[in-house]
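So you know, we letter chains A, B, ... as the sequences are listed, proteins then strands, and number each from 1.
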Amino acid sequence: MVNPLLFWIIAALTVIPSLSLLFARKAVHVAMAIVLVMVGLAAAYVALGAPFLGVVQIVVYTGAVMMLFLFVLMLVGVDQREDLKETIKGQRWIGLLAAGGLGAFLVSVVARVALPVQEETVGEPDVIAEVLFQRYVLVIEVLGFLLITAAVGALVLTHAPRLKPRRTQLEVQRDRVRVGANPVNKPMPGVYARHNALDVPALDPEGQPIEDSVSRVLKIRHQTQDGAEFRAQLEDPARKDTEEGR
Amino acid sequence: MSFVTPVIAWAPLAPIIIVLGAAAIGILVEAFIRTPATRRAAQLALALASLVGAALVAILQWATLDGAGTVVLEHMMVVDRQALAWQSVLLLFGVLGTLLFAARTRAGEEAFTPLGAVAPGSTEETLARRKGMQLTEVFPLALFAVGGMMLFTSVTDLIFLFVALEVFSLPLYILVALARRRRLLSHEGALKYFLLGAFSSALFLFGAALLYGATGSTSFDEVGAGIASATGLDTLILAGAVLVVVGLLFKLGAVPFHSWTPDAYQGAPTPVTAFMGAATKAAATAALIRLVYGALYGLDWELSWLFWTVAIASMLLGTVVALVQTELKRMLAYSSIAHAGFILVAFAGFPDSTLSALPFYLLTYGLATMGAFAVITQVRERGEDGTVLGEATRLGQWAGLGRRSPWLAASMALFLLSFAGIPLTAGFVGKFVAFSAAMSEGAWPLVLVAVIASAAAAFFYVRLIVLMFFTDVPDGQEDAVAVDYSPLARVVVVAAAVAVVLLGIVPGPVLSAFENAGVLLLGAAG
Amino acid sequence: MFPILTVMVALPALGAGLLWALPSASRARVREVALAVTAVELALAVALFIQFDTATAGTFQFSETYAWIPQIGASWALGINGIGLLMIVLASLLTPLAILAGWWEDKDPARRTHYLALILLSQAFMVGIFAARDVFLFYVLFEAMLIPLYFLIGSFGGAQRRYAAVKFLLYSLVGGLIMLVGVVALYFQGPGGEQAFLTDNLTGLTMSSTAERLIFLAFFLAFAIKAPMVPLHTWLPTVAENARPGTTALLVAVLDKIGTFGMLTLCVALFPNAARWAAPVIIVLAVISVIYGALLAIGQVNMLRLVSFTSVSHFGIMVLGIFAFTQTSIEGSALYMFNHGLSTGALFLVVGFLIHRHGTPDVTAYGGLQKVVPVFAGTFLVIGLSALALPGLSPFVSEIMVLVGAFSVAKAGVIVAAVGVVLAALYVLLTYQKVFTGPTPEAMRGTRELTLRERLVLWPLVGLMLVLGFLPGIAIDTLREPSADIVATVSIEEAGE
Amino acid sequence: MDPINFVILAAILFAIGSAAVLLRRNAIIAFMGVELMLNAANLSLVSFSRIHGEIDGQVMAFFVMVVAAAEVVVGLAIIIAVFRARQTISLDEPSELKG
Amino acid sequence: MLDLTWLLIAVPLASSIVLMLAGKRANPWGHWVGVAASGSTFIVGLGAFIQMLGLDSEERAHAVHLFSWIPGGELNLDAGLLVDPLSMTFVLLVSFVGTLIHVYSVAYMEHDPNRRIFFAYLNLFVAAMLLLVLADSYLLLFVGWEGVGLASYLLIGFWNYKPEYATAAKKAFVVNRIGDIGLIIAMGLMFAYLGAVDFETVFAEAPAASTATLTAIGLTLLLAACGKSAQFPLQSWLGDAMAGPTPVSALIHAATMVTAGVYLIVRSAPIYAGAPAAQTAVAAVGAFTLVLGALIGMAKDDIKKALAASTMSQIGYMMLAAGLGPVGYAFAIFHLVTHGFFKAGMFLGAGSVMHGMKDQVDMRRYGALRTAMVTTWITFGLGWLAILGIPPFSGFWSKDKIIESAFVGEGAQPWILGGAALIGAGLTAFYMSRLFFMTFHGKARWTDDQHPHESPAMMTVPMIILAVGSAFLGLILAVGDRFAVWLEPVTGHVEHHEPVLPVPVLIAATLILVALGVWVAWRKYGAADVPETAPAASLSTIAARNDMFQDSVNRAVFERPGTHLTRTLVYADAAIVDAAVDKQAEAWGKTGETVRRTQNGQVRSYALTMLVGLVIVIIIVVQGGL
């Protein structure tokens with residue numbers, strides 16, 4: 001038997017974050033929410049007499065699976081924003097209806113069930129191991145092949161061997177000179193003492209901002225700031241004062 | 001607590017071990033042989049040798065098996081004649097599929113991308129192509145798939161079934177993504193196939209969980225016993241059973257769980273489509289038989305509703321939508337959906353004869369599928385400069401193929417006629433035994449729908465025949481299509497054609513063999 | 001015993017294979033080869049006819065039974081009674097004539113090879129079907145035959161041949177597949193075992209009337225499509241219009257007889273109770289076919305369509321005869337199957353010759369030909385008169401036997417069907433009038449008279465019609481016993497009810 | 001409290017997971033929905049295991065985790081491949097295969 | 001000789017086939033083969049006749065077995081001939097008149113390039129006609145029945161390069177076929193109720209059969225007879241049949257074939273014996289047609305059509321007689337024979353006139369031909385007198401008996417039938433006299449290019465012979481009821497019945513009416529001028545000219561609705577029956593298009609499909625399961 005309070009906590013801990021699957025716009029938020037769900041589930045396992053599984057859940061899911069998700073999210077760009085506006089007519093409502101219907105059906109089915117609860121067998125690792133390597137020994141062997149497949153698959157789909165010879169610094173520099181590009185470093189951004197402003201362009205001697213000095217990535221993200229603004233601040237002590245006064 | 005060493009009968013596992021072992025070795029080969037050409041040869045040899053060897057072993061075991069079969073591991077897995085029959089069929093598809101995997105155009109172009117990791121159309125792709133890189137991993141992946149499917153036919157535990165399902169699904173997801181041409185479509189197909197596959201796995205798993213909840217076990221025999229004895233758990237069992245069956249119906253490509261089929265079939269490299277079309281259906285059918293006859297037999301009345309509904313929906317939808325297809329692979333995909341319906345027809349009333357009818361049906365269907373897709377791999381577009389490009393899969397491009405290449409077109413016609421179930425082709429005998437099974441339980445309305453769907457289906461098969469034989473090549477298009485004979489693909493075509501004809505005319509011995517296989521070691525039927 | 005029937009099935013099939021296997025260089029001679037094969041086949045058929053023991057015409061003779069697919073109860077069982085004998089003779093007779101009629105059809109030797117090989121293949125199937133003594137074998141050949149025909153129609157012929165071929169195939173397939181349901185169901189009604197499909201083992205079964213009726217209907221539908229009965233007939237005019245006359249001649253004269261043949265030897269013989277149950281409706285349909293076909297024939301301007309509609313009408317008479325269940329009407333129907341083959345075969349061929357000359361089947365394009373080509377006209381007229389069942393020509397005997405024999409059972413039906421007699425006169429004579437009488441248009445003046453080859457094709461048929469018109473006994477002798485058996489089957493069951 | 005309630009919870013999570021697959025266009029989120037469904041199944045397995053007082057359900061859940069991990073690897077690999085080709089993981093984008 | 005009667009059929013048939021197949025090389029002598037074949041039939045017939053005369057009257061029915069024809073299980077029919085006085089009468093008539101007409105045709109068709117074929121057809125006709133009358137079963141009779149129809153078709157359409165002639169031929173055949181339905185159904189009835197279709201069995205079984213059956217058979221046979229004998233309502237083809245060469249009209253459409261209906265009725269006497277209603281119907285049809293034909297004949301200006309109408313009318317007499325039962329059978333056949341002579345003679349005369357008048361058939365363009373064609377005038381005149389029934393010419397002996405017999409009976413029937421017969425006699429006198437006077441008397445109304453001349457001997461000799469027959473045959477046969485006695489074995493002996501009016505009164509009334517008719521005709525057409533074009537006339541005349549609008553009626557009742565029906569059906573077959581299938585195919589396609597839209601390429605929609613499907617499946621299973 002489980003402590004009802006614990007149940008409700010676990011329920012809240014799993015259901016509420018999982019709703020982000022439906023409503024959160026950013027995938028990263030969803031992933032983090034799911035991590036929470038996984039932890040909640042781990043707690044549930046422990047509460048249900050499966051401490052080993054609880055640990056595995058944490059290790060595998062929060063530790064590996066969800067991290068993998070996050071990793072890929074980072075790879076594809078955290079900023080893959082999704083417009084929640086549905087583009088297919090009726091999809092959302094029918095979808096919600098169907099999923100809700102399925103859920104309601106399952107809940108009603110389960111709720112009607114009255115199974116006698118047997119004495120608890122705690123899933124300590126040794127107990128599990130025994131079953132694992134007796135009745136389920138073939139499964140675990142086959143799982144090995146599954147893992148090989150997964151690994152090979154991931155490699156085939158994502159790993160590219162070096163196709164071109166590795167370019168040395170020397171070659172890079174030579175190429176750069178050959179095309180007549182700037183042979184030296186680009187100018188640093190306008191880092192000011194008061195402001196860690198990688199996003200603010202440096203100013204050239206004439207006071208004009210040097211666009212090249214800001215990272216291209218930031219520009220694409222529109223996360224740059226106008227150098228002129230800061231120059232204005234420099235020139236207008238009044239504003240500076242107000243800023244300082246704050 | 002004392003650990004008792006589990007009793008495992010290893011000998012009956014030999015075919016599976018050979019295949020999976022060869023797959024694992026294949027991975028090692030990847031690691032150790034660096035020259036692409038050698039690696040390819042080694043992989044091909046390994047794959048073929050293991051598949052043929054496993055097939056021989058399986059057939060030998062099948063022939064020499066005393067009694068109904070062997071329990072490999074209590075509650076988890078059996079190898080009986082039924083399983084060996086399916087395994088033999090799957091291995092045959094594996095051999096043919098591997099040959100197709102290895103087939104190349106005369107210009108040496110493979111069906112698979114040289115490098116899966118690079119973006120389509122990128123300079124790296126060109127470079128990889130120029131360097132003659134090859135994805136020889138496809139062979140071990142195929143072996144994994146075959147091995148998984150073989151397991152799939154023999155396991156008697158829901159969780160093991162789930163694992164086996166994943167073992168053969170994962171390689172397929174990957175393989176679908178590896179087309180050499182139209183890689184965007186290939187990726188798209190793979191993504192859809194994967195997402196929906198995972199979705200259906202989840203459904204299956206939840207169903208398994210419910211059944212476990214209701215019966216206290218996931219082993220077929222215990223589930224069956226639990227269903228028989230359980231009280232007050234009707235809906236729970238029913239919900240679980242439906243979800244589990246749905247998971248398998250997804251693999252079978254039955255409506256309404258079919259939507260992945262056309263997209264995956266079209267997107268996948270054609271050899272993969274061939275293999276997938278033939279083998280997945282067979283494996284899914286095998287598992288469905290074992291599940292239904294082994295565990296869910298007590299629900300026959302309730303499940304009849306499911307099978308009837310799904311069968312009718314599959315036959316009609318598959319046929320109707322195939323009628324309007326203009327893309328060849330898609331058309332065949334929809335046709336496969338209709339065939340899923342025909343397969344389900346044989347389940348009507350759950351007669352014993354289904355056990356022998358369906359392996360034969362799937363054999364005939366798979367052979368024709370293999371053959372048809374093998375033909376497709378050889379009909380290719382030709383560029384302005386005369387180079388041979390990708391497959392010509394728009395229907396119109398096949399106009400006049402009968403003139404251009406009569407034997408190839410005739411083979412294709414043969415396969416199509418077999419799909420349509422015209423007598424003297426294997427497809428007819430297959431349909432006959434399948435429908436017989438359904439009729440034996442008096443499910444004639446279902447069979448009637450099936451034959452009407454067959455007749456309508458004939459329309460689109462015939463349309464291709466019309467195009468190939470009765471339509472002239474459009475003006476100015478004489479050089480737009482090239483028939484690029486690949487010896488290996490040709491072997492597949494010839495083998496399939498011969499088999500289709502032989503099974504159509506003298507199916508007796510094979511029928512006998514499958515009749516002999518029509519007994520389950522564990523199960524309510526038998 | 002010499003397996004003559006198997007040989008007769010195999011011979012044309014092997015002939016087809018031989019044609020395809022011939023090297024391109026020797027393709028100039030394919031016609032001769034094909035003709036030789038069919039000539040041998042005809043000789044075998046004649047031998048069959050001579051050897052046939054008419055005293056026991058009701059029992060299967062030349063029987064051969066080999067296990068074929070024992071697992072599903074199918075045997076390679078051949079054997080013929082009098083009805084089958086006649087049909088095989090018909091098939092063997094018309095095939096060489098059709099080949100001869102199309103002697104100059106193709107310029108391209110490859111196409112010619114395909115055409116002839118497909119014709120031979122069809123012949124193999126036809127002979128097999130008429131000789132089949134096993135329902136499964138019958139069904140398999142029945143369906144498989146669609147393929148050579150499909151190619152014959154779709155590859156060789158008029159503008160809409162593709163449409164026609166597909167239409168033909170789909171119609172036939174729908175019928176055939178529904179019949180398949182019946183075939184399978186029949187298996188479960190029968191004794192099962194390794195020879196479950198032998199007709200011997202399937203006659204006199206006791207089954208529930210619902211089952212019997214449903215199976216009967218499944219069979220009947222397929223046959224009603226094949227022997228085109230209104231409203232399932234529309235494929236025929238389309239095919240006739242577009243296929244080669246030689247193909248159509250074979251199709252209508254022989255192949256479509258499989259429909260009536262099947263009704264007679266399977267539907268009625270295996271399901272007598274259901275046949276009796278359905279007979280009133282079928283007779284009504286048959287009579288409708290008679291009148292409908294005739295009226296539509298009158299309304300056609302395309303001669304090929306016209307002839308095909310006349311066949312719809314004639315098939316109606318055959319079906320009427322079969323389902324009247326009297327000795328005379330069944331004899332008449334079976335005889336009509338043969339005679340109609342001669343008559344309609346000749347009609348299609350002669351119309352084909354006409355079209356060959358002027359390139360159009362449009363009856364309005366012709367006129368006044370009698371003055372130009374009297375022999376042609378005379379031959380056409382005789383053949384036309386056979387289609388209207390003029391006494392003295394063989395179709396008359398069969399038609400009158402059906403009408404007179406069926407009268408006691410279906411009075412109103414026969415009376416209405418007799419109106420078809422008048423309509424037949426109308427469509428035949430109207431056509432003759434339009435094509436051969438009246439002033440001769442300029443375009444018709446140079447028309448070639450019937451050539452020797454064409455005479456060789458048509459006159460044997462005409463001669464046979466005359467001989468059988470006066471001495472139908474040659475054929476009836478072989479039909480008496482089988483018809484009596486069928487009547488006995490139907491009536492015994494009646495008594496048993 | 002009866003452990004069956006956890007099964008109800010699992011059913012709810014299952015429904016939410018499936019809804020995510022039906023509604024979300026971001027491939028990774030949809031995939032996470034699938035993962036949630038698997039976890040829901042796991043939860044019910046464990047709950048039933050508790051109810052039956054035996055260990056099998058836990059072992060099964062363990063297998064599911066392994067399988068899920070493998071599946072995630074392959075799935076994410078495919079997603080990455082798609083991303084490399086199209087620079088997006090929106091499921092709306094790759095929809096040329098249809099009809 | 002009686003056993004050789006099969007030669008009667010075989011010889012002309014063989015001759016016909018030879019002539020047809022011989023080709024052009026037979027042109028110079030082909031017609032003589034035809035004449036010889038026909039002549040030989042007369043010789044054989046005569047021989048058989050003589051042999052038969054030597055037998056007792058009971059033994060005069062002689063069966064000749066030919067071969068087993070339809071050896072069916074139930075319908076087991078042999079082909080055989082029945083030679084009895086009735087068929088012998090016909091044999092003689094057909095072969096004799098036929099031979100004469102053959103001879104006549106040699107000259108008449110001299111300039112036709114296809115004369116050989118003409119003779120082939122004529123021989124075919126003779127063979128078929130003899131088969132018709134000699135057959136020993138209805139089925140074999142039917143063969144001859146249709147055979148003469150075919151010959152008639154071929155001969156009417158002999159000059160079918162003229163479209164209207166081809167149409168006339170077709171019309172004759174088709175209308176005859178309508179009658180054939182009757183015969184077919186009659187055979188069906190016989191087979192169903194009497195168990196056979198041969199005369200012997202049928203007549204043996206007939207007395208035992210129910211009246212209803214026999215009435216049905218009788219009526220259907222009447223329908224057949226109406227078709228062949230151009231009786232109302234199937235009379236319309238006969239006028240058009242005049243399109244054929246005149247010898248054909250003489251032989252087929254006057255003397256022999258058209259009387260086959262009468263033969264059929266008389267032959268079926270045992271059936272009618274049990275079916276008084278059918279008999280009455282026969283008589284009624286005959287009476288009606290005789291008046292109708294006479295009325296039409298009164299208005300026709302085309303000499304052949306007028307004669308055709310007359311034929312119709314005269315056959316009406318025969319039918320009337322045949323419908324009177326045993327009383328009238330002998331007279332029906334008697335009149336048939338005499339009519340065969342005089343009408344054939346008159347047709348040949350008409351042919352002779354046309355021959356001399358450049359194929360002019362309009363009597364209004366004749367006139368005063370008696371001088372130009374003396375032989376023709378005389379022979380025609382004898383025929384005219386015969387048909388009028390002027391004693392002692394043939395017609396008197398036969399027709400008067402019919403009129404007498406028509407007055408036999410009870411109730412209103414004798415008055416109606418007899419009245420019709422009587423009036424018919426008067427009308428006949430009028431229109432035949434009109435014809436005769438318009439042609440041979442009055443003023444010449446020839447066109448300028450016509451130079452009437454007598455025909456060659458080859459034509460006139462047959463005419464003379466027939467004229468002699470017209471004059472005296474009746475007398476010869478009537479003496480001592482010779483003819484009736486001769487036929488007695490077939491028609492049965494009947495006691496004499498008294499007509500409702502005394503016989504002398506009837507004879508006198510007839511003769512008075514005839515005289516009246518002749519007088520009126522002479523006043524209008526002999527003595528007065530006949531306009532060269534037909535004057536505007538009263539409605540009744542127009543009706544008669546147009547054959548009582550029979551063609552219009554046919555067109556309105558059968559042809560036009562038939563054409564519409566056919567067109568509608570052709571349309572419906574394409575637009576409904578065929579389209580139903582095509583549309584269905586289309587519907588499959590449309591459904592496919594609709595359904596395929598759900599495959600929208602979006603993976604979440606696919607998942608939705610699955611889930612919705614799952615929910616539906618669950619609902620179905622749970623509903624079904626619980």
Side-chain angles (χ1 to χ4, degrees), chain B residues 116-122 157-160 162-163 165-167 169-171 173-174 176-177 182-199 201-210 212-214 216-219 262-267 321 324-327 330, chain D residues 4 7 10-11 14 17-18 21-22 27 30-31 33-49 51-54 56-57 59-64 66-68 70-75 77-87 89 91 93-99:
Chain B
V118 294
S122 61
D157 180 279
L158 286 171
I159 290 303
F160 203 176
F162 174 72
V163 171
L165 179 94
E166 293 295 334
V167 169
S169 296
L170 289 189
Y173 299 148
I174 298 161
V176 168
R182 299 179 198 144
R183 284 186 60 198
L184 287 180
L185 296 190
S186 177
H187 284 151
E188 182 184 337
L191 182 60
K192 289 176 175 174
Y193 187 21
F194 168 76
L195 261 181
L196 294 173
F199 186 64
S201 300
L203 294 178
F204 176 91
L205 193 66
F206 203 82
L210 293 184
Y212 170 68
S217 172
T218 52
S219 180
D263 293 7
Y265 272 44
Q266 189 187 349
V321 182
V324 293
Q325 293 303 320
T326 51
E327 217 276 352
R330 253 186 126 66
Chain D
I4 199 78
V7 185
F14 189 77
S18 65
V21 181
L22 304 190
F31 192 21
V34 174
E35 288 304 314
L36 186 64
M37 290 165 81
L38 291 175
N39 273 290
N42 267 356
L43 179 58
S44 50
L45 277 173
V46 175
S47 313
F48 281 126
S49 166
I51 291 170
H52 291 305
E54 51 171 40
D56 291 47
V59 177
M60 293 173 203
F62 175 72
F63 289 138
V64 173
V66 179
V67 169
E71 205 176 70
V72 166
V73 168
V74 171
I78 292 174
I79 290 173
I80 287 175
V82 171
F83 175 76
R84 278 192 182 145
R86 300 177 180 265
Q87 299 299 319
I89 52 166
L91 289 172
E93 196 85 349
S95 58
E96 285 149 48
L97 294 170
K98 62 179 169 188

Original post:
Where does B:L210 contact chain D at under 4.5 Å (heavy atoms): side chain, backbone, both or neither?
Top reply: both
**OP:** Can you sort out the partners of D:R84 under salt bridge (charged side-chain N to carboxylate O under 4.0 Å, His left out), two or more places apart, ordered by chain and number?
**Re:** none
Original post:
Checking B:L203 against chain D: side chain, backbone, both or neither under 4.5 Å from a heavy atom?
Top reply: both
Original post:
Is it the backbone or the side chain of D:A61 that comes under 4.5 Å from a heavy atom of chain B, or both, or neither?
Top reply: neither
Original post:
Which residue out of B:G213, B:A119, B:A202, B:A209 racks up the most heavy-atom pairs below 4.5 Å with chain D?
Top reply: B:G213
**OP:** For chain D, find which of B:P262, B:A208, B:G121, B:A117 contributes the most heavy-atom pairs closer than 4.5 angstrom.
**Re:** B:A117
Subject >> Structural part of D:S47 lying under 4.5 Å from a heavy atom of chain B >> reply: neither
**OP:** Verify, without hydrogens or angle tests, whether D:E71 (side chain) and B:A198 (backbone) share a donor-acceptor contact under 3.5 angstrom.
**Re:** no
Original post:
Who are the ring-ring contact (aromatic ring centres under 6.0 Å, His included) partners of B:Y265, not counting sequence neighbours?
Top reply: none
Subject >> Pairwise distance OH(B:Y212) to CZ(D:F48) - rounded to 0.5 angstrom >> reply: 9.5 Å
Original post:
What do the steps show when you test B:I174 against D:V74 for side chain to side chain contact (heavy atoms under 4.5 Å, CB included), and what is the final call?
Top reply: CA-CA 7 Å; B:I174 298 161; D:V74 171; 3.8 Å; yes
Subject >> Spacing of CZ belonging to D:F83 relative to CG belonging to B:L191, to within rounding of 0.5 Å >> reply: 13.5 Å
Original post:
Within the distance-only criterion (no hydrogens, no angle test), does the side chain of B:H187 pair as donor or acceptor with the backbone N or O of D:I78 below 3.5 angstrom?
Top reply: no
Original post:
For the candidates B:S186, B:G216, B:P120, which exhibits the highest count of non-hydrogen atom pairs separated by less than 4.5 Å from chain D?
Top reply: B:G216
Subject >> Step-by-step side chain to side chain contact (heavy atoms under 4.5 Å, CB included) determination, D:L38 to B:L205 >> reply: CA-CA 7 Å; D:L38 291 175; B:L205 193 66; 3.7 Å; yes
Original post:
Taking B:Y173 for the side chain and D:G75 for the main chain, is one N or O donor matched with an acceptor at less than 3.5 Å?
Top reply: no
Subject >> Under 4.5 Å from a heavy atom of chain D, the part of B:E327 involved >> reply: neither
Original post:
Within the distance-only criterion (no hydrogens, no angle test), does the side chain of B:Q266 pair as donor or acceptor with the backbone N or O of D:L97 below 3.5 angstrom?
Top reply: no
Original post:
Measuring heavy-atom distances to chain D, does B:T326 have an atom under 4.5 Å in its side chain, in its backbone, in both, or in neither?
Top reply: neither
Original post:
At what distance, to the nearest 0.5 angstrom, does CE of D:M60 lie from CG of B:L158?
Top reply: 8.0 Å
**OP:** To the nearest 0.5 angstrom, please state how far the CG atom of B:L185 sits from the CD atom of D:E96.
**Re:** 5.5 Å
Original post:
Which atom names give the shortest non-hydrogen contact between B:R330 and D:K98, and what distance separates them?
Top reply: NH2-C, 3.1 Å
**OP:** Might you work through the side chain to side chain contact (heavy atoms under 4.5 Å, CB included) test for D:D56 and B:I159, ending with a clear yes or no?
**Re:** CA-CA 10 Å; D:D56 291 47; B:I159 290 303; over 6 Å; no
Original post:
Does any heavy atom of chain B fall under 4.5 Å from the side chain of D:I80, the backbone, both, or neither of them?
Top reply: neither
Subject >> chain D contact via B:F194 - side chain, backbone, both or neither, heavy atoms under 4.5 Å >> reply: side chain
